[in-house]
Amino acid sequence: MLIHHELPTDGAVIRVLVDRDAGQGSTVWPSIGEYPVYDEVLYDALSSDALRNERFRAALRALAPGRLVLDIGTGQHLNWARESIRCGARHAVAMEVMDETFRAAEQNLQAWGLDEAITLLHGYSGDLAVQPRADLCVAEIIGSIAGAEGAGAIFTDARRRLMTDEGVVIPDRCTTRAAGACLRQVLDRHEIAFSPSAVPHLTKIFAWNQGPFDVRLRIKDPDRRGVVTTSAMVEELPFNGDLRTEQEQRVELEVHRTGYVDGVLLWLQLFHLPSRPPLDTLTEPTSWASVYVPLFPSEIPVERGDRLALTVVIRTSDDGIHPDYHVMGTLSTANGRHTGEHLSAHHGRIFRSHPVYCALFP
Ligand SMILES: C[S@@+](CC[C@H](N)C(=O)[O-])C[C@H]1O[C@@H](n2cnc3c(N)ncnc32)[C@H](O)[C@@H]1O
């Protein structure tokens with residue numbers, strides 16, 4: 001059943017599919033990782049994400065022994081600082097910006113008797129210093145759109161001020177991939193509505209933003225029959241290479257299945273170590289999801305061989321950390337050319353900018 005639910009923030013109204021069992025099938029949620037709204041449930045989900053944790057552990061086993069490790073955004077369980085010590089690191093410095101999370105981490109550190117091995121610092125990494133500098137930096141500040149949580153700016157600053165010149169970063173590299181899709185088709189109940197479990201997160205994000213805006217749409221377990229084109233990389237973050245906080249990518253995608261296109265799905269590929277296969281978050285079950293970005297005002301029928309040209313422009317937002325993503329597309333079909341675009345801003349006042357958002361925020 002679909003209902004309209006009023007949020008406390010500015011009386012924003014959202015459309016919710018109430019009989020949707022929160023954990024089942026593909027659902028619409030706001031993308032949350034790029035906002036300071038983490039709670040115990042989210043940290044538990046991260047700490048029990050087997051595929052994600054396996055990759056970070058493998059990288060730490062290979063790189064932590066004997067090193068001074070910096071864990072940026074340690075969370076309440078200090079996962080990577082603890083794992084570094086377990087793997088033989090000399091010492092670990094852990095940083096956490098969120099007040100409540102820091103307090104929980106502090107209590108855990110004492111309860112686990114690790115306060116000698118790990119130094120816990122409270123604050124945003126850009127405002128903190130470490131002495132001596134770290135020779136390994138590990139941080140899971142990676143979004144479902146790889147750079148959305150500010151990894152480009154945060155690692156650039158860490159390399160410049162907090163790490164030695166030879167220092168190494170985990171993960172080695174992250175990319176965002178894009179493919180043409182139809183929102184209704186990737187949702188298994190074909191209803192464009194938020195999951196009921198999204199309500200508390202939307203409320204917190206809108207309160208933080210001091211008003212509603214077109215949040216990024218996180219799609220958990222999308223039905224891949226709704227993804228009808230080939231995919232290509234639209235964002236690249238080589239943390240041990242030529243890392244750029246701003247970039248622009250142009251790609252050509254080809255329709256490989258008859259269906260509909262009204263936007264694109266974006267998802268993360270995480271390369272924990274060089275020359276190891278990536279974790280692909282579209283095809284493997286992790287706590288990351290994909291993000292749907294609307295492009296065209298309605299669903300456009302497509303046939304095999306049709307083409308979608310995409311340009312993705314990534315610019316740092318006015319907070320100096322989190323990027324905005326401007327996605328532009330031209331779809332060429334037998335019936336003509338269709339152009340569309342969407343500015344997916346990290347925060348701000350853009351609200352109900354597209355029919356999909358008008359449906360979600362009636
Ligand atoms: C996705 S969680 C990861 C938690 C934990 N490291 C893990 O992987 O299980 C990201 C955490 O990083 C924190 N954070 C993000 N950017 C930060 C920064 N630049 N400095 C300090 N903390 C940061 C957030 O508050 C959040 O607790």
Side-chain angles (χ1 to χ4, degrees), residues 29 31-60 64 69-86 92-106 108-109 118-130 134 136-163 169-171 174 201 204-205 208 218 237 239 243 245 268 270 272 279 281 286-289 316-317 319-323 346-347:
W29 261 46
S31 178
I32 47 186
E34 52 268 63
Y35 306 103
V37 299
Y38 289 89
D39 59 17
E40 209 154 326
V41 176
L42 293 179
Y43 288 121
D44 284 346
L46 293 169
S47 295
S48 53
D49 179 340
L51 292 182
R52 181 192 84 123
N53 299 346
E54 200 178 274
R55 305 293 171 118
F56 276 80
R57 286 199 185 107
L60 286 168
V69 178
L70 171 61
D71 174 8
I72 298 179
T74 194
Q76 72 178 44
H77 301 143
L78 302 113
N79 282 329
W80 312 135
R82 271 198 301 152
E83 192 64 30
S84 305
I85 297 301
R86 222 176 271 143
V93 176
M95 297 176 171
E96 176 53 52
V97 67
M98 282 181 59
D99 298 348
E100 224 174 287
T101 305
F102 170 80
R103 281 194 293 275
E106 206 175 26
N108 284 334
L109 195 60
I118 299 172
T119 304
L120 177 63
L121 303 179
H122 186 193
Y124 169 65
S125 58
D127 299 328
L128 298 172
V130 284
L136 177 65
C137 178
V138 55
E140 202 282 74
I141 45 173
I142 309 299
S144 295
I145 300 178
E149 296 179 16
I154 294 168
F155 279 123
T156 299
D157 170 69
R159 274 217 173 279
R160 198 168 49 80
R161 296 186 312 107
L162 308 174
M163 297 174 63
V169 166
I170 299 173
C174 287
H201 300 290
K204 281 200 227 173
I205 294 168
W208 169 85
R218 178 187 201 271
L237 297 163
F239 299 122
L243 180 60
T245 49
L268 162 72
L270 178 129
H272 61 300
L279 180 61
T281 60
T286 73
S287 50
W288 285 291
T316 308
S317 70
D319 72 5
I321 303 162
H322 299 94
H346 172 257
H347 59 272

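Hydrogens, waters and symmetry mates are skipped; everything else that's a heavy atom, side chains included, is used. We count ligands from 1, going down the list as the structure has it; atoms in each ligand are counted the same way. Everything numeric in this text was worked out from a predicted model, so none of it was measured. If you read the sequence from its start, that first residue is 1, and numbering goes on from there.
Of all heavy-atom pairs between Glu34 and His322, the closest is O-NE2, 3.7 Å. Of all heavy-atom pairs between His346 and Tyr35, the closest is O-OH, 2.5 Å. Among all heavy-atom pairs drawn from Ser125 and Ile154, the shortest one is OG-CG2, 3.6 Å. Leu162 approaches Leu128 most closely through the heavy-atom pair CD2-O, 3.4 Å.
Salt-bridge check for Arg103 with Glu100: failed, with every basic side-chain N at 4.0 Å or more from each acidic carboxylate O.
The shortest N/O to N/O separation between Ser125 and ligand 1 falls below 3.5 Å. Geometrically, ligand 1 and Val97 share a nitrogen or oxygen pair separated by less than 3.5 Å. Geometrically, ligand 1 and Tyr124 share no nitrogen or oxygen pair separated by less than 3.5 Å. In terms of polar-atom proximity, defined here as any N/O pair under 3.5 Å, Ser47 makes no such contact with ligand 1. Taking only nitrogen or oxygen atoms, main chain and side chain alike, Glu149 does not reach within less than 3.5 Å of ligand 1. Close N/O approach between Asn79 and ligand 1 is found [any backbone or side-chain N/O within under 3.5 Å].
At a 4.0 Å cut-off, at least one heavy atom of Tyr43 sits close enough to ligand 1 to count as contact. For the ligand labelled ligand 1, residue Arg52 lies inside the 4.0 Å heavy-atom shell. Contact analysis puts Gly123 in contact with ligand 1, with a non-hydrogen atom separation below 4.0 angstrom.
Under 3.5 Å, the side chains of Ser47 and Asn79 contain a donor-acceptor pair of N or O atoms. His201 and Asp39 share no side-chain donor-acceptor pair at under 3.5 Å. Tyr43 and Thr101 share a donor-acceptor pair across their side chains, judged by distance under 3.5 Å alone.
In this structure, the protein non-hydrogen atom closest to atom 6 (N) of ligand 1 is Gly73 O, 2.7 Å. Closest to atom 5 (C) of ligand 1 among all protein heavy atoms lies Thr74 O, 3.4 Å. The protein heavy-atom contact nearest to atom 24 (C) of ligand 1 is Glu96 OE2, 3.5 Å. Nearest protein heavy-atom contact of atom 15 (C) of ligand 1 is Ile141 CG2, 3.7 Å. Of all protein heavy atoms, the one closest to atom 10 (C) of ligand 1 is Glu140 O, 3.6 Å.
In this structure, Ile142 CD1 and Thr281 OG1 are separated by 11.5 Å, a value rounded to the nearest 0.5 Å.
In terms of modelled atom types and a separation under 3.5 Å, the side chain of Trp80 and the main chain of Leu60 share no donor-acceptor contact.
The salt bridge (Lys or Arg N to Asp or Glu O under 4.0 Å) test applied to Glu96 returns no partner, not counting sequence neighbours. Residues passing the salt bridge (Lys or Arg N to Asp or Glu O under 4.0 Å) test with Arg82, sequence neighbours excluded: none.
Numbered from 1 in the order shown, with element, the atoms of ligand 1 that lie under 4.0 Å from a heavy atom of Met98 read 25 (O). Taking a cut-off of under 4.0 Å to the non-hydrogen atoms of Leu46, the atoms of ligand 1 that pass are 1 (C), 2 (S), 3 (C), 9 (O). Those atoms of ligand 1 that come under 4.0 Å of a heavy atom in Ile154, given as number and element, are 16 (N), 19 (N).
Under 4.0 Å from ligand 1, the heavy atoms of Ile72 that appear belong solely to its side chain. Using a 4.0 Å cut-off between heavy atoms, Trp80 contacts ligand 1 through its side chain alone, with no backbone atom that close.
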